[in-house]
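Residue numbering restarts at 1 for every chain, and letters A, B, ... go by the order of the sequence lines. Values below: every heavy atom of this structure, side chains too, minus hydrogens, waters and symmetry copies.
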Amino acid sequence: MPELPEVEVIRRDLEKEVVGREIRSVEVRNTKNAMRVIRRHRRRRDLEDPLAGATVTAVDRRGKYLVFHLHADADLALVVHLGMSGQLLQSAAGAGYENHTHVVLDLVGGGQLRFVDPRTFGEMFVTTTGEDGEVKELRRLGLDPLEDQLTWQHFSKFLSDHKMKLKSLLMDQRFVAGIGNIYSDEILYLAGLHPSRACDTLSDTEVRRLYRAMQEVLQEAIRHRGTSADDEQYRDLYGAAGDHRSFLQVYQREGQPCRRCRTAIERGRWSNRSTYFCPKCQV
DNA sequence: GTTTAACCCTGCACGC
DNA sequence: TGCGTGCAGGGTTAAA
């Protein structure tokens, strides 16, 4: 499940490969679930028509969403969420389609950008941007953990205002956008905090530790080009897996010794999501 | 305000 | 070998 680091790796790849390029045409293919992928639109052409002839001027990231800014008749944006199993792949125009290739963008000058998604939790839609360049559909998202606006003070205030469990808060996209199941576990481990601790019980030192851990874990994962774990279908733009898997401290390590204290890593379940943690190091 | 569960979907592991 | 079942997960929504 691509989270912030994986989406950021793809964004950086896209910046190199598609910014400045014109989209010749778009095809929403006749796959079983293509209409689910473009579920915000009623018809295929609602996505296809506005994109044809548009030039990609920039590719941004908002949490786990990719935003392609487009120069066309109006200020348009193509928004992509990879869900759990979505991939955005650069391909040669003649190459055979992988299973579950739902949308194909044909680029002027050769090459294609393909959206592949077996489980179809991902989505794609076209929308207009406001004067501030923002996408209205993404306004509810919280701040980006790696951007300057998320100051330590802002972070601390948000925590003290909530009684939720830390795990739930880290994964709440309205608080900080981009953290999912893997990195919430890794962040809490590095910070030495138990996933079920209530947010408003943290000391100043613990808040600082969590804030720092969040940045360190995400940056480190980006350096390793993301995590492709057991059930992970994550691939970068070129189809390559990420290298961060072997650096994971707790995620999917149930029963294995903690890298700090050798206690067996435990797995719990909160809100229907698996959570891995060290029962000794995390308090 | 917070938690929990259900829903959407496919691939995979497992047991029979 | 083949079938049925359960599980995994992100985001959203409804109910508790």
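- Rounded to an integer number of Å, the gap from A/Arg267 CZ to C/dG9 C1' is 11 Å.
- If you look at A/Phe125 and A/Tyr65, their ring centroids are not closer than 6.0 Å.
- Taking only side-chain atoms of A/His100, from C-beta outward, the nucleotide of B/dT3, C/dG10, B/dG11 with the closest atom is B/dG11.
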Between N or O atoms, less than 3.5 Å apart, protein on one side and nucleotides 12-14 of chain C on the other: list the pairs.
| from | atom 1 | to | atom 2 | distance (Å) |
| --- | --- | --- | --- | --- |
| C/dT12 | OP1 | A/Arg140 | NH1 | 3.2 |
| C/dT12 | OP1 | A/Arg140 | NH2 | 2.6 |
| C/dT12 | OP2 | A/Arg140 | NH1 | 3.2 |

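- At a cut-off of 3.5 Å, with distance as the only test, no side-chain donor of A/Gln249 or A/Glu186 sits close to an acceptor on the other residue.
- Residues passing the salt bridge (Lys or Arg N to Asp or Glu O under 4.0 Å) test with A/Arg225 are A/Asp13, A/Asp236, sequence neighbours excluded.
- A/Glu254 meets the salt bridge (Lys or Arg N to Asp or Glu O under 4.0 Å) test with A/Arg267; sequence neighbours excluded.
- Across all strands shown, A/Ser85 has no heavy atoms under 4.0 Å from either base or sugar-phosphate atoms.
- A/Tyr234 places its OH atom 16 Å from the P atom of C/dG10, with the value rounded to the nearest Å.
- B/dG1 atom C1' lies 12 Å from atom CG of A/Asp172, rounded to whole Å.
- At whole-Å resolution of the value, CZ in A/Arg119 and C1' in B/dC7 are 16 Å apart.
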For residues 276-283 of chain A, which side-chain donor-acceptor pairs fall under 3.5 Å, sequence neighbours excluded?
| from | atom 1 | to | atom 2 | distance (Å) |
| --- | --- | --- | --- | --- |
| A/Gln282 | OE1 | A/Cys278 | N | 2.8 |
| A/Gln282 | NE2 | A/Leu188 | O | 3.4 |
| A/Gln282 | NE2 | A/Leu193 | O | 2.8 |

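- For B/dT10, the OP1/OP2 oxygens have no side-chain nitrogen or oxygen of A/Thr120 closer than 4.0 Å.
- Applying the side chain to side chain donor-acceptor pair (under 3.5 Å) test to pairs two or more places apart or on separate chains, those with a residue in residues 74-87 of chain A are A/Ser85-A/Asp117.
- Residues passing the side-chain contact (heavy atoms from CB on, under 4.5 Å) test with A/Thr57, sequence neighbours excluded: A/His69, A/His71.
- A search for ring-ring contact (aromatic ring centres under 6.0 Å, His included) contacts involving A/Phe121 returns nothing, not counting sequence neighbours.
- With sequence neighbours excluded, the residues forming a salt bridge (Lys or Arg N to Asp or Glu O under 4.0 Å) with A/Lys167 are A/Asp185, listed by chain and number.
- Straight-line distance from the CZ atom of A/Arg174 to the P atom of B/dT2: 9 Å, rounded to whole Å.
- The distance from atom CG of A/Asn181 to atom C1' of C/dA8 is 10 Å, rounded to the nearest whole Å.
- Rounded to 10 degrees, the angle separating the terminal helix axes of the helix from B/dT2-C/dA16 to B/dC16-C/dG2, each built from five base pairs, is 50°.
- For DNA chain B, the residues of residues 158-165 of chain A within the heavy-atom distance limit of 4.0 Å (strictly under) are A/His162, A/Lys163, A/Met164, A/Lys165, sorted by number.
- The CG atom of A/Leu82 sits 17 Å away from the C1' atom of B/dC8 (whole-angstrom rounding).
- Checked against side-chain contact (heavy atoms from CB on, under 4.5 Å), A/Gln153 has the following partners two or more places apart in sequence or in another chain: A/Thr151.
- For the OP1/OP2 pair of C/dG11 and a distance below 4.0 Å, the side-chain nitrogens and oxygens of A/Lys64 include at least one atom meeting the criterion.
- Taking side-chain N and O atoms only, A/Arg36 has no distance below 4.0 Å to OP1 or OP2 of B/dT10.
- One atom, CZ of A/Arg39, and another, C1' of B/dC8, lie 8 Å apart when rounded to the nearest Å.
- When heavy atoms are screened at a 4.0 angstrom cut-off, A/Lys167 is found touching no nucleic acid atom at all.
- With respect to A/Glu8 and A/Arg11, a salt bridge is recorded, a charged nitrogen being found less than 4.0 Å from a carboxylate O.
- Under the rule for a salt bridge (Lys or Arg N to Asp or Glu O under 4.0 Å), A/Arg39 has no partner lying at least two apart in sequence or in another chain.
- Using a 4.0 Å heavy-atom criterion, one finds that A/Asn33 contacts the sugar-phosphate atoms exclusively.
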